[in-house]
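Below: the structure, in structure tokens.
Computed over heavy atoms, backbone and side chain alike; hydrogens, waters and symmetry mates excluded. Here the structure is a predicted model, which means the values were calculated and not measured.
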Amino acid sequence: MEGDVSAAAAAHYQPASPPRDACVYNSCYCEENIWKLCEYIKNHDQYPLEECYAVFISNERKMIPIWKQQARPGDGPVIWDYHVVLLHVSSGGQSFIYDLDTVLPFPCPFDTYVEDAFKSDEDIHPQFRRKFRVIRADSYLKNFASDRSHMKDSSGNWREPPPSYPCIETGGFPLELFLIGLMMMSRMSYNVEGKKA
């Protein structure tokens with residue numbers, strides 16, 4: 001019964017973004033993809049920006065498993081150093097995750113995404129357990145910046161081709177500080193099931 005209600009709510013939901021293939025997307029630049037998605041939502045005013053959040057996922061070891069990712073066909077997880085998705089807490093009563101790297105629906109109902117992409121922390125070795133930092137989309141747009149230096153190797157070569165548009169320069173916090181902040185909050189972090197970590 002609960003699954004039927006969830007499916008019905010998802011069927012009536014109008015996405016906050018264009019279709020996946022029309023979104024700004026650059027492989028391995030999830031933080032910028034989500035910044036651009038927040039920018040789209042702000043500019044198109046279909047939903048209040050206050051309903052949307054950028055969610056940073058990482059841990060102290062910078063090794064987090066996420067399943068159902070395009071980078072790993074099949075049933076196994078991808079081990080990312082970090083990942084960023086967008087959470088829309090819809091006033092319609094259901095929340096949705098926007099992950100441009102997933103093979104799950106885009107957007108994906110929150111419960112489905114958590115079950116299929118995160119699995120349970122009980123099934124994951126403690127060193128791989130994820131920590132989450134949730135940032136309001138309006139704050140993310142104002143305060144996130146990246147010079148993309150984390151995507152260069154020690155010789156200055158790109159690990160992955162950079163986006164064609166200029167670096168995001170808001171005068172705010174660089175990506176590294178967002179991730180450090182996530183690590184410093186580890187004592188206050190909650191796992192996927194909402195229990196104190």
Side-chain angles (χ1 to χ4, degrees), residues 15-18 20 22-64 66 69 80-91 95-102 106-108 110 113-114 117-118 129-152 158-192 194 196-197:
S17 73
R20 184 193 317 247
C23 289
V24 174
Y25 177 77
N26 293 278
S27 178
C28 298
Y29 290 86
C30 57
E31 68 283 355
E32 294 194 33
N33 296 334
I34 296 303
W35 193 93
K36 289 289 190 181
L37 191 54
C38 291
E39 182 180 54
Y40 177 92
I41 293 168
K42 177 185 176 184
N43 292 339
H44 287 78
D45 206 27
Q46 179 181 350
Y47 291 106
L49 194 58
E50 294 77 26
E51 292 182 359
C52 299
Y53 302 84
V55 181
F56 277 74
I57 311 154
S58 191
N59 62 19
E60 292 83 354
R61 298 175 63 97
K62 294 186 178 179
M63 296 175 68
I64 54 154
I66 301 182
Q69 297 285 285
W80 295 115
D81 51 350
Y82 67 92
H83 194 48
V84 185
V85 299
L86 182 127
L87 167 65
H88 179 206
V89 181
S90 168
S91 58
S95 298
F96 290 84
I97 295 288
Y98 290 75
D99 178 358
L100 286 156
D101 292 292
T102 189
F106 180 84
C108 186
F110 178 84
Y113 188 90
V114 168
F118 289 150
R129 289 188 181 154
R130 295 145 303 214
K131 308 270 189 226
F132 301 83
R133 184 173 186 193
V134 180
I135 303 161
R136 278 181 39 161
D138 57 345
S139 179
Y140 190 52
L141 284 172
K142 279 192 273 186
N143 296 309
F144 175 77
S146 178
D147 63 5
R148 301 176 181 153
S149 58
H150 67 291
M151 291 302 290
K152 291 185 177 180
W158 292 106
R159 292 187 177 122
E160 294 291 334
S164 58
Y165 56 81
C167 292
I168 296 171
E169 297 177 352
T170 61
F173 305 108
L175 171 64
E176 291 73 22
L177 288 182
F178 273 86
L179 295 174
I180 289 168
L182 176 63
M183 298 309 105
M184 291 180 73
M185 290 175 61
S186 62
R187 284 190 213 149
M188 300 166 53
S189 292
Y190 291 80
N191 61 21
V192 172
K196 192 99 169 166

[atom1]-[atom2] distance between [X] and [Y], expressed to the nearest 0.5 angstrom:
| X | Y | atom1 | atom2 | value |
| --- | --- | --- | --- | --- |
| Cys167 | Asp147 | SG | CG | 6.5 Å |
| Leu49 | Leu141 | CG | CG | 6.0 Å |
| Ile57 | Arg130 | CD1 | CZ | 8.0 Å |
| Trp80 | Cys28 | CH2 | SG | 5.0 Å |
| Asn59 | Lys131 | CG | NZ | 7.5 Å |
| Ser17 | His44 | OG | NE2 | 10.5 Å |

Quick check: do [X] and [Y] have side-chain heavy atoms less than 4.5 Å from each other?
| X | Y | result |
| --- | --- | --- |
| Leu87 | Ser95 | yes |
| Cys23 | Tyr40 | no |
| Leu37 | Val24 | no |
| Glu32 | Ser146 | yes |
| Leu86 | Ile41 | yes |

Expected output: side-chain [X] to main-chain [Y] donor-acceptor under 3.5 Å:
| X | Y | answer |
| --- | --- | --- |
| Ser58 | Asp81 | yes |
| Tyr29 | Glu160 | yes |
| Arg159 | His150 | yes |

Derivation and outcome, side-chain contact (heavy atoms from CB on, under 4.5 Å), residues Lys62 and Tyr82: CA-CA 6 Å; Lys62 294 186 178 179; Tyr82 67 92; over 6 Å; no
Parallel, tilted or perpendicular, as decided by the 30° and 60° cut-offs, for the rings of Tyr98 and Phe106: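 Perpendicular, since the angle between the ring planes exceeds 60°.
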Mutual orientation of the aromatic rings belonging to Phe132 and Phe118 [parallel < 30°, tilted 30-60°, perpendicular > 60°]: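 Phe132 and Phe118: perpendicular rings.
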Contacts of Arg129 that satisfy salt bridge (Lys or Arg N to Asp or Glu O under 4.0 Å) - sequence neighbours left out: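 For Arg129 there are no salt bridge (Lys or Arg N to Asp or Glu O under 4.0 Å) partners, ignoring immediate neighbours.
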Chi angles and distances behind the side-chain contact (heavy atoms from CB on, under 4.5 Å) call for Tyr25, Asp101: CA-CA 9 Å; Tyr25 177 77; Asp101 292 292; 2.5 Å; yes
Intermediate values then yes/no, side-chain contact (heavy atoms from CB on, under 4.5 Å), Glu31 and Tyr140: CA-CA 10 Å; Glu31 68 283 355; Tyr140 190 52; 3.6 Å; yes
Pair Ser91-Tyr47, side-chain contact (heavy atoms from CB on, under 4.5 Å): steps then yes or no: CA-CA 9 Å; Ser91 58; Tyr47 291 106; 5.6 Å; no
Glu39 bridged to Lys36 by N-O distance under 4.0 Å: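 So Glu39 pairs with Lys36 through a salt bridge.
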Quiz item: cation-pi between Arg148 and Tyr165, 6.0 Å / 45°: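 Because its charged atom sits under 6.0 Å from the ring centre and within 45° of the axis, Arg148 does stack over Tyr165.
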side-chain hydrogen bond (donor to acceptor under 3.5 Å, both in side chains) partners of Asp99, counting only residues at least two apart: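 Residues passing side-chain hydrogen bond (donor to acceptor under 3.5 Å, both in side chains) with Asp99: Gln69, His83, Tyr113.
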